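Working notes, structure below.
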Amino acid sequence: MGIGYHGLQFLRFAAKYAQFGRVATIGRQGLFLDKSEVRNMIDVGADYRHEKYCDNLLLRHFGANSVDSWDYSDYEGASHIADMNKPLRHVSSAYDTVIDAGSLEHVYNAPQALLNVSELCCDGGQILHILPANNFCGHGFWQFSPELFFSLYCESNGYTATRVFLSSEYRTNVWYEVAKPNGGQRANVISFTPVFVLCRTVKVRQPCHETVQQSDYMHIWQQDVSIEPQVNGRPKWREKIRSVLQTSVLVDFAYMFYIELSGKWSLSSRNPHLTARSVDLLAK
């Protein structure tokens with residue numbers, strides 16, 4: 001749990017739209033950058049004191065009035081001890097900004113944890129997620145899809161201004177903004193590198209999480225005729241070659257090379273669901 005390069009840039013992006021005010025972090029958020037990296041990204045001043053956790057950075061440079069942390073254990077000195085797998089007790093919507101930077105993937109009951117995040121946030125407050133998307137198998141319980149955030153954080157559920165980006169762990173200058181799926185289309189992304197999903201949304205009223213469904217299936221169910229759902233299966237030629245070679249190594253490499261060249265599903269501006277955005281311009 002902590003703020004790395006993409007996380008700090010995403011905080012800068014969010015700060016353009018709202019003062020952080022009263023902040024809750026899910027887990028005690030460490031600062032996974034060295035002093036020089038922070039200085040290169042933020043004008044912290046000559047008296048900047050680099051610390052293990054991000055609390056003072058939020059207080060001094062992001063307009064936070066207070067910073068509380070919520071965690072299952074007090075091993076890192078969290079402000080509040082609570083199990084995010086369960087409903088939070090005696091909690092009012094007290095926070096203007098709720099930050100989940102690499103925490104919810106470690107919580108088994110993700111739907112309840114997402115509801116808890118919203119319960120912590122006040123009406124008009126912002127929710128920020130920086131979570132693993134692709135190629136983080138084994139890191140936690142879950143990897144998250146942009147589809148989840150678009151389907152959950154929609155206006156009918158009590159949210160607005162939802163924006164979702166994907167960022168490669170190894171590319172610091174560009175994010176890919178994900179277009180909200182519509183018309184039964186899925187925003188598919190296959191990547192060579194580890195990818196984070198970054199989401200900002202604004203809670204406008206008491207949320208409803210009872211009717212979250214995947215958008216392409218919602219589109220199918222609303223049709224009068226039977227429509228075959230999209231299948232993200234491997235091309236038939238891949239299976240034929242695989243059966244001949246009796247090995248998947250070369251075939252898998254060829255398939256990934258095909259994905260990258262075609263751009264249809266890759267993490268690139270050639271993917272019709274993604275738009276490349278300059279990180280410097282977004283966070284400036």
Side-chain angles (χ1 to χ4, degrees), residues 1-4 6-8 10-11 14 22-32 52-55 58 67-122 125-154 157-159 162 164-167 169 194-203 206-214:
M1 300 175 291
I3 306 297
H6 289 296
L8 188 55
F10 196 58
L11 296 183
R22 299 159 298 174
V23 175
T25 66
I26 308 304
R28 188 89 189 272
Q29 294 294 318
L31 192 54
F32 296 160
K52 181 178 180 180
Y53 299 104
C54 69
D55 304 35
L58 296 174
V67 178
D68 289 344
S69 49
W70 293 74
D71 206 343
Y72 181 81
S73 166
D74 65 355
Y75 82 110
E76 289 186 301
S79 311
H80 303 277
I81 307 305
D83 186 352
M84 295 296 286
N85 287 292
K86 303 174 182 178
L88 299 178
R89 296 183 178 181
H90 312 299
V91 173
S92 59
S93 301
Y95 298 100
D96 303 294
T97 301
V98 181
I99 300 171
D100 162 33
S103 295
L104 290 198
E105 73 268 27
H106 304 293
V107 180
Y108 172 70
N109 192 350
Q112 181 61 57
L114 286 162
L115 182 58
N116 288 340
V117 166
S118 289
E119 292 290 348
L120 289 171
C121 189
C122 69
Q126 63 180 343
I127 295 170
L128 309 177
H129 296 285
I130 304 136
L131 293 168
N134 285 358
N135 296 325
F136 280 95
C137 185
H139 172 74
F141 289 124
W142 312 111
Q143 300 178 82
F144 292 86
S145 166
E147 170 71 36
L148 169 66
F149 298 109
F150 283 120
S151 295
L152 174 62
Y153 293 141
C154 60
N157 285 347
Y159 305 91
T162 300
V164 181
F165 302 87
L166 295 174
S167 65
E169 185 173 18
V195 173
F196 298 99
V197 59
L198 318 172
C199 174
R200 177 184 183 268
T201 194
V202 175
K203 174 186 168 184
Q206 182 63 30
C208 173
H209 288 202
E210 300 297 324
T211 57
V212 181
Q213 300 286 351
Q214 192 168 322

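Since this is a predicted model, take the numbers as computed values, not measurements.
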Let me check something: any side-chain donor-acceptor pairs from residues 107-115 under 3.5 Å, sequence neighbours excluded? List them with distances.
{"from": "N109", "atom 1": "OD1", "to": "Q112", "atom 2": "N", "distance (Å)": "3.4"}
{"from": "N109", "atom 1": "ND2", "to": "N85", "atom 2": "O", "distance (Å)": "3.0"}
{"from": "Q112", "atom 1": "NE2", "to": "N116", "atom 2": "OD1", "distance (Å)": "2.9"}

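- Q126 is linked by a side chain to side chain donor-acceptor pair (under 3.5 Å) to T97, R200, counting only residues two or more places apart in sequence or in another chain.
- Nearest heavy-atom pair, K203 versus C121, reported as atom, atom and distance to 0.1 Å: NZ-O, 2.7 Å.
- Taken to the nearest 0.5 Å, the CG atom of L131 stands 12.0 Å off from the OG atom of S145.
- Annotation: side chain to side chain donor-acceptor pair (under 3.5 Å) contacts of Q206 (sequence neighbours excluded): E119.
- Checked by atom type and distance alone, the side chain of E105 never pairs as donor or acceptor with a backbone atom of F144 at under 3.5 Å.
- Using a 4.5 Å heavy-atom threshold, the side chains of Y53 and E76 count as touching.
- Remark: aromatic rings of H129 and Y153 are close, center separation under 6.0 Å.
- Rounded to the nearest 0.5 Å, atoms CG (L120) and CZ (R22) are 11.5 Å apart.
- S118 meets the side chain to side chain donor-acceptor pair (under 3.5 Å) test with Y159; sequence neighbours excluded.
- S69 places none of its side-chain heavy atoms less than 4.5 Å from the side chain of Q29.
- Nearest approach of D71 to A78, heavy atoms of both residues: CB-CB, 3.7 Å.
- Separating the OG1 atom in T162 from the CD1 atom in I127 is a distance of 9.0 Å, to the nearest 0.5 Å.
- F10 meets the ring pair (Phe, Tyr, Trp, His ring centres under 6.0 Å) test with F13, W175; sequence neighbours excluded.
- Put simply, the side chain of V164 reaches to within 4.5 Å of the side chain of F150, judged on heavy atoms.
- Contacts of H80 classified as side-chain contact (heavy atoms from CB on, under 4.5 Å), with partners at least two apart in sequence or in another chain: D68, W70, Y95.
- For the atom pair C199 SG and L148 CG, the distance stands at 8.5 Å (nearest 0.5 Å).
- Here D55 contributes atom CG and S79 contributes atom OG; the two are 7.0 Å apart, rounded to the nearest 0.5 Å.
- We find the OG-CG distance between S73 and D83 to be 11.5 Å, quoted to the nearest 0.5 Å.
- Residues P132 and V197 approach most closely at O-CG1, 4.3 Å, considering heavy atoms.
- Across every non-hydrogen atom of C154 and S151, the tightest pair is SG-O, 3.5 Å.
- Remark: the backbone N or O of P194 is not paired with any side-chain donor or acceptor of E169 at under 3.5 angstrom.
- Residue F136 qualifies as enclosed at atom CZ: its count of foreign heavy atoms under 6.0 Å is above 12.
- In summary, of the residues considered (T211, V212, T201), a side chain to side chain contact (heavy atoms under 4.5 Å, CB included) with L152 occurs for V212 alone.
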